[in-house]
There are 2 protein chains.
Amino acid sequence: MTEKPPVRARRTTLADVAARAGVSVPLVSIVMRDAPGASAATRERVREAADELGYRPDSRARMLRRSRTQLIGVVFGVQHPFHGDLVSGLYTAADTAGYELALSAVTPGRNESRAVASLLQDRCEALVLLGPSLPTTELADLAARIPVMVVARPVRSKAVDVVRTDDAAGIQLAVDHLVELGHYRIAHIDGGRAPGAAERRRGYREALSRHGLDEVVILPGGLTEDEGAEAARHLLALSSRPTAVTVFNDRCATGVLDVLHRERFSVPGDMSVVGFDDSSLASLSHIALTTVAQDAERITTLAIARAIARLDGHDAPDEREQVIAPHLVVRSTTASPDIEPAAAPSRGVQTFST
Amino acid sequence: MTEKPPVRARRTTLADVAARAGVSVPLVSIVMRDAPGASAATRERVREAADELGYRPDSRARMLRRSRTQLIGVVFGVQHPFHGDLVSGLYTAADTAGYELALSAVTPGRNESRAVASLLQDRCEALVLLGPSLPTTELADLAARIPVMVVARPVRSKAVDVVRTDDAAGIQLAVDHLVELGHYRIAHIDGGRAPGAAERRRGYREALSRHGLDEVVILPGGLTEDEGAEAARHLLALSSRPTAVTVFNDRCATGVLDVLHRERFSVPGDMSVVGFDDSSLASLSHIALTTVAQDAERITTLAIARAIARLDGHDAPDEREQVIAPHLVVRSTTASPDIEPAAAPSRGVQTFST
DNA sequence: TTGAAAGCGCTAACAG
DNA sequence: CTGTTAGCGCTTTCAA
């Protein structure tokens, strides 16, 4: 094995470029930043020199010198598919606003506190936390040091800003859709204590009542497909079986679908199913789940805008929590209910063409 | 709306801590870094002052002053589940070695070049690229400036280091497993021009030949479940139908499974199926796909180790490419073939207990 | 063991 | 328009 000394060539700096172009360092700085204060001719020469030397500005030195870093820190779960969508949107939004993003992942071996700590060391000016599980008190403590945007999770504290989907409205969209198709016996498989679950339960209740439906059927579910499968079995065992079901999330809905298929139930013929999240799972062509989609673009745009507003000193106590409307993505797991003689509606006959 | 001036309190610095503790700045630096050269009493006092002031070192200033940044840049695809596993492993490996990670995501609106550029501006000392799609020439150009580790993709150029799974060996594991179960008519659904597909095809061929099996059945597949579904239909239409199939990846295998189920084929009774990746898809309990798992931990450990070796000036031309053995995860989609009278083996009867 | 001085690469504030 | 001077927060000499 060759044992060379670490030949790490020093990076080319502004000084190098300045020397080659025969001008002062600050002048090069001006040119590189496209700041006013240099003649066209000089710009030309400096650019040329920089290119020849392959100059790259040092963002660290730059941030150190500037009072502002223009850096927004993002904490995300490396395994959560929806966080991917959010990160994409955040990049776009930050870029548009002239900010950079610093990513810090939460992994099985790296908790949120560590992720946040590293962002603080990087001198981020604001933090965007995607679905954080930190206790409210810690979030509040953090918010005392630096503007904190919590995304996709409701927080009771008024110390942090929150941008989240209107979970209740999402389920209501689902129920509206099902009612429109002619369903009137609609169940809900819930998410237990998961964030958003309570809201979605509430949305289900409200939607039913709004449509004058009084058969509230809420089955305990969860976040996983196994829990969905379990709930589906209970669903099928019900004496007066619903013709449709809204499920806490896509993953759980997948479990429901699986049991339905195994038990030879036709979807959507015998049972319509609606998920929540519009995850990649839902769009798999053999699943083709009708689901409630969160508006990642809007959520991220608002989160960045809010963070920057904070940095600019604009406080808006009345906008601490921004609740974004979701929309329904109709795929193949919902349709009008098949008319079974046994289950003929007892209150006003409703019929549907094929 | 309240319009306060941006009250951005200046961060507490070493100087603040020094003043409070009544010592010089460099001494505080020594204490904060746990470097030798300070008395126990001083350390105590400095620590106390730092705590009271809530001091956090500024990583930018630190890196600027040090010759080394101890930073390794990582480019990953924000939507790729396996990249999540890799990022997790990289964090752990880097942490152990005393390095930090700088994450840069590839998103629909942010290509690899941008992701790399931002890492270069951050003065990373080495780059780890997860499944990059950059052309080989660009990778080589990049490697001329900075050590580059390419993970999970074979690269012909000797300029970059590569750490990847032994794709051929993976498929061979799958075939060995199937042969052991008693299968001798084994098909392969391939990944076309996808990275690794050629290797996997080769592994399939070699494994069959090693077992003295000469019925090579390679069906064009792809990376998606739709392509898998398509291939599965061809598979079922084959005159002398295989009893088992190895599929390019889990996603494609999911499509295969779906068609099998729809056509009322029992898995694994009528057909055994093996995937590749051990993605979260594979472990969904209602899929429970037997699959080939890549050793993310080993891959990431080696990638980091290699990067650091490079930085330390250790060149190892013979280790430019490190090929890691995968392992088989047996779940519920593989079993001994059902003995159908019609398909009774014509060359030495093989029987199997239930 | 401690402190003073210098400088990492850059930008801001000024002078010419 | 251009150059000089100063300093961001930190670490590294080097003296004391």
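All chains are named by letter (A, B, ...) in the order of the sequence lines, taking the proteins before the strands, and each is independently numbered beginning at 1.
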Could you tell me the separation between the [atom1] atom of [X] and the [atom2] atom of [N], rounded to a whole number of Å?
X	N	atom1	atom2	answer
B/Leu120	C/dG9	CG	P	16 Å
A/Met32	C/dG9	CE	C1'	13 Å
B/Gln70	C/dC8	CD	P	20 Å
B/Met63	C/dC10	CE	P	16 Å
B/Glu44	C/dT1	CD	P	16 Å

(request) Taking only Lys NZ, Arg NE, NH1 and NH2, and the carboxylate oxygens of Asp or Glu, determine whether B/Arg60 and A/Asp58 approach each other closer than 4.0 Å. (result) no
(request) Using a strict 4.0 Å threshold on nitrogen-to-oxygen distance, state whether B/Arg47 and B/Asp34 make a salt bridge. (result) yes
(message) If I compare all heavy atoms of A/Val150 with all of A/Val160, which pair ends up nearest, and what's the gap?
(response)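 Result for this residue pair: CG2-CG2, 4.1 Å.
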(request) Could you pull out the closest heavy-atom pair between A/Ala93 and A/Thr300, with the gap in Å? (result)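 In terms of heavy atoms, the two residues are closest at CB-O, 4.1 Å.
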Strictly below 4.0 Å: does [X] bring a side-chain N or O up to OP1 or OP2 of [N]?
X	N	answer
B/Thr42	C/dT2	yes
A/Thr13	C/dC8	no
A/Arg62	C/dT11	yes

Give one of base, sugar-phosphate or nothing for [X], where a contact means two heavy atoms less than 4.0 Å apart.
X	result
B/Ser29	base
A/Leu14	base
A/Arg33	sugar-phosphate
A/Leu27	sugar-phosphate
B/Val25	base

(message) What's the closest nucleotide to the side chain of B/Pro26 if the choices are C/dC10, C/dT2, C/dA4?
(response)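 For B/Pro26, the side-chain atoms sit closest to C/dA4.
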(request) Please say which of A/Arg164, A/Lys158, A/Arg153, A/Arg306 ends up in a salt bridge (Lys or Arg N to Asp or Glu O under 4.0 Å) with A/Glu321. (result)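 Testing each of A/Arg164, A/Lys158, A/Arg153, A/Arg306 against A/Glu321, the sole residue satisfying salt bridge (Lys or Arg N to Asp or Glu O under 4.0 Å) is A/Arg164.
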(request) Hey, which sits more toward the 5' end of DNA chain D by its nearest nucleotide, B/Ile30 or B/Leu64? (result)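 The 5'-side residue here is B/Leu64.
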(message) I'd like to check B/Val46 versus B/Val17 (side-chain heavy atoms, cut-off strictly below 4.5 Å). Are they in contact?
(response)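 Heavy-atom side-chain distance check passes, below 4.5 Å.
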(message) Other residues, nucleotides and ligands only: do more than 12 of their heavy atoms fall within 6.0 Å of CD on A/Glu52?
(response)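 Yes, CD of A/Glu52 has more than 12 neighbouring heavy atoms, counting only those of other groups under 6.0 Å.
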(request) For DNA chain D, note the earliest and the latest nucleotide, 5' to 3', having some atom under 4.0 Å of a heavy atom belonging to chain B. (result) D/dG9 to D/dT12
(message) Pick the closest DNA chain C nucleotide for B/Arg45 and for B/Arg65 by heavy atoms, then say which residue is nearer the 5' end.
(response) B/Arg45
(message) For B/Gly22 and B/Arg123, find the nucleotide of DNA chain C closest to each by heavy atoms; which residue's nucleotide sits nearer the 5' end?
(response)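 It is B/Gly22 whose nearest nucleotide is closer to the 5' end.
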